[in-house]
*Asks:* 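Below are the structure tokens for one structure; questions will follow.
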2 protein chains.
Amino acid sequence: MSSDRTRSAILAAAEKLYADRGFGDVTLRDIVAEANVNLAAVNYHFGSKDELIAELFVTRSLATNRERLNELKVAEEKGGGRAPIDAILHALVGPTLRGCLGPDREGSTAARFMIRASIESVPPIRRIKNREVDHLRKFIAAMRRAMPDSDDADLYWGLHFALAMSHHTIREKERLIRLSEGKCDLNDVDAIVDRVVAVSVLALTGGEAPAKKPPVRSAMPQGRLTRQDL
Amino acid sequence: MSSDRTRSAILAAAEKLYADRGFGDVTLRDIVAEANVNLAAVNYHFGSKDELIAELFVTRSLATNRERLNELKVAEEKGGGRAPIDAILHALVGPTLRGCLGPDREGSTAARFMIRASIESVPPIRRIKNREVDHLRKFIAAMRRAMPDSDDADLYWGLHFALAMSHHTIREKERLIRLSEGKCDLNDVDAIVDRVVAVSVLALTGGEAPAKKPPVRSAMPQGRLTRQDL
DNA sequence: TTGCAATTCAAACAGTTGTATGAAACTATC
DNA sequence: GATAGTTTCATACAACTGTTTGAATTGCAA
């Protein structure tokens with residue numbers, strides 16, 4: 001099968017160009033030029049441009065999801081079936097952040113592609129992302145085991161915020177660097193992961209030590225949000 | 001000037017169509033059809049398609065920025081020049097969340113347009129967003145006054161996370177509803193604002209009561225997450 | 001009314017896009 | 001080495017894009 005060479009040349013070229021210049025202004029003709037293959041090869045091997053993009057994204061995000069679930073499994077086994085909340089969140093945001101940030105990963109085409117996919121929202125990718133709900137439910141389940149006394153809504157908000165911080169850090173990396181004039185170190189990925197996890201845990205526990213039971217008073221808002229809302 | 005009628009018809013039609021169907025598949029021909037004006041009118045009044053989009057976005061985000069700064073000013077005056085940290089964050093995320101969420105705003109074209117602008121990242125809008133740094137610096141300054149002992153980096157991270165949570169809530173509103181099967185109430189905007197502010201304050205204070213003096217250390221962990229970091 | 005500028009209009013332009021076609025080149029099996 | 005199936009290729013297609021043009025129309029001032 002010498003056709004595999006063409007197929008993967010297209011995939012590699014597409015990933016590189018999309019990573020560099022975004023989905024908006026990379027055409028099939030750009031891709032086949034970079035890959036040194038014929039224009040028709042894309043439709044022959046992938047069916048359409050959208051299916052090419054989908055294949056790129058599916059491959060990368062399946063890898064991330066596997067990494068997440070692996071890390072979660074390890075943490076749960078270590079805890080005898082019940083992983084601590086910080087380990088769960090670490091498994092959730094670690095792989096994504098590690099994959100997209102960091103100095104060594106800077107040159108990684110895959111990483112830059114995933115950043116693009118997170119910044120620009122193109123139809124084939126959006127369709128795939130919408131099916132990610134099942135994957136997230138597994139983390140909600142683990143969180144529920146770790147914090148059985150929490151309201152479900154609080155767990156969802158906690159997971160939502162954890163993803164918010166990690167994705168927004170990837171999306172707005174450049175702006176954060178510029179805004180902070182370099183004072184925020186975007187190269188120390190482990191520190192970023194720890195920071196996101198720490199804040200997420202605070203969001204879930206309301207500032208209490210997670211082992212401890214419930215409420216006290218607040219670092220919390222005066223308004224309508226009460227202790228047990230967190 | 002009967003030309004104002006054409007101009008604003010274009011603006012209204014464009015905002016509506018972009019809000020409904022996204023920037024990707026709305027053409028100038030769609031817009032002029034909806035506005036009942038001639039195709040050439042867009043270039044005559046705005047110069048180009050991108051400038052039309054830019055004008056739409058600038059108008060809306062200037063309004064948001066004004067609201068933010070107003071709220072900040074009020075809070076600072078009330079505090080004699082130094083607003084408490086939660087009030088500052090409230091001023092930062094409140095206007096955006098209020099503008100884009102909530103049941104009454106559901107039908108608002110402007111709100112839906114701004115959500116689109118936050119989901120799809122189109123060049124003219126990205127260019128404008130990049131100039132928003134100066135605006136954010138005013139909030140950093142206020143935060144520094146409120147928490148003079150904090151590391152600068154921690155302030156930047158805190159602001160970054162606050163924006164992360166509010167923007168991600170707007171972007172992924174539908175997914176959060178679906179994931180949580182309705183358990184997260186996206187209609188109670190005030191509660192959402194309070195929740196985002198509360199978590200942001202926790203992120204900045206590391207779980208200490210904000211009134212209290214100094215943050216243990218850099219509030220956030222360096223290495224792995226340990227118990228006393230919470 | 002006349003004259004001048006601002007606005008509208010239909011039409012065309014120039015370029016690009018993803019996709020389809022059918023013949024040619026290749027590959028492996030017998 | 002002929003055959004059947006796969007893969008490549010040059011080329012054409014059809015549609016759509018934002019923008020421009022130059023003539024018509026309108027509105028307003030003198």
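The structure displayed is predicted, hence computed values, not measured ones. Just so we're on the same page: letters track the sequence lines, and every chain starts at 1.
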*Asks:* Would you sort out whether A:Glu132 and A:Lys129 count as a salt bridge (Lys or Arg N to Asp or Glu O under 4.0 Å), showing the intermediate values?
*Replies:* CA-CA 5 Å; A:Glu132 243 192 359; A:Lys129 274 190 184 157; over 6 Å; no
*Asks:* Which one, C:dA20, D:dT21, D:dT19, comes nearest to the side chain of B:Asn43?
*Replies:* D:dT19
*Asks:* Whole-Å distance between C:dC26 C1' and A:Asp4 CG?
*Replies:*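 The distance from CG of A:Asp4 to C1' of C:dC26 comes to 16 Å, rounded to the nearest Å.
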*Asks:* In this structure, how many angstroms lie between the C1' atom of D:dT19 and the CG atom of B:Asn38, rounded?
*Replies:*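 My rounded result for the distance is 12 Å.
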*Asks:* Which heavy atom in B:Val26 sits nearest to a heavy atom in B:Leu17, and how many Å separate them?
*Replies:* CG2-O, 3.6 Å
*Asks:* Compare the minimum distances between each of D:dT8, C:dT8, C:dA12 and the side chain of B:Leu39, then state the nucleotide with the smallest one.
*Replies:* C:dA12
*Asks:* Indicate yes or no: does A:Arg21 engage A:Asp30 in a salt bridge with an N to O separation below 4.0 Å.
*Replies:* yes
*Asks:* For DNA chain D, which residues in residues 14-22 of chain B have a heavy atom at a distance below 4.0 Å?
*Replies:* none
*Asks:* Write down the distance between CZ (B:Arg5) and P (D:dT26), rounded to a whole number of angstrom.
*Replies:*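 Rounded to whole Å, this separation is 15 Å.
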*Asks:* Nearest heavy-atom pair of B:Ala111 and B:Gly99: which atoms, and what distance?
*Replies:*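 Closest approach of B:Ala111 to B:Gly99, heavy atoms only: CB-O, 3.0 Å.
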*Asks:* Looking at A:Thr6, does any N or O in its side chain come under 4.0 Å of the phosphate oxygens OP1/OP2 on D:dT8?
*Replies:*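 Checking A:Thr6 against D:dT8: at least one side-chain N or O falls below 4.0 Å of OP1 or OP2.
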*Asks:* Charged N to carboxylate O below 4.0 Å: is that the case for A:Arg112 and A:Glu15?
*Replies:*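 Judged by the 4.0 Å cut-off on N to carboxylate O distance, A:Arg112 and A:Glu15 do not form a salt bridge.
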*Asks:* To the nearest Å, give me how far apart CG (A:Leu52) and P (C:dT19) are.
*Replies:*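 Between P of C:dT19 and CG of A:Leu52: 10 Å.
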*Asks:* Run the side-chain hydrogen bond (donor to acceptor under 3.5 Å, both in side chains) test on B:Arg68 and B:Thr96 for me, step by step, so that the C-alpha distance in whole Å, both residues' side-chain angles and the decisive distance to 0.1 Å come before the verdict.
*Replies:* CA-CA 8 Å; B:Arg68 281 176 169 172; B:Thr96 308; 3.2 Å; yes
*Asks:* Between B:His45 and C:dA6, is there a side-chain N or O to OP1/OP2 distance below 4.0 Å?
*Replies:*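 No, outside the criterion.
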*Asks:* Taking the basic N atoms (NZ, or NE/NH1/NH2) and the acidic carboxylate oxygens, is any pair closer than 4.0 Å for A:Arg7 and A:Glu55?
*Replies:* yes
*Asks:* Take atom OH of B:Tyr44 and atom C1' of D:dA24, then tell me their distance rounded to the nearest Å.
*Replies:* 14 Å
*Asks:* Can A:Phe113 and A:Phe23 be said to form a ring pair (Phe, Tyr, Trp, His ring centres under 6.0 Å), step by step?
*Replies:* CA-CA 10 Å; A:Phe113 172 81; A:Phe23 297 100; 5.8 Å; yes
*Asks:* Between C:dT7 atom P and B:Phe46 atom CZ, what is the distance in whole Å?
*Replies:*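 Computing the B:Phe46:CZ to C:dT7:P distance gives 12 Å.
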*Asks:* Got a salt bridge between A:Glu71 and A:Arg66, using NZ or NE/NH1/NH2 to carboxylate O under 4.0 Å?
*Replies:*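 Between A:Arg66 and A:Glu71 there is no salt bridge, as every charged N stays at least 4.0 Å from the carboxylate O atoms.
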*Asks:* Rounded off to whole Å, could you give me the CZ-to-C1' distance for the A:Arg7 and D:dT6 pair?
*Replies:* 15 Å
*Asks:* Looking for any heavy atom pair under 4.0 Å, which part of the strands does B:Ala41 touch: base, sugar-phosphate only, or nothing?
*Replies:*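 Since no nucleic acid heavy atom lies under 4.0 Å of B:Ala41, the category is nothing.
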*Asks:* Protein-nucleotides 13-17 of chain C N/O pairs closer than 3.5 Å?
*Replies:*
none

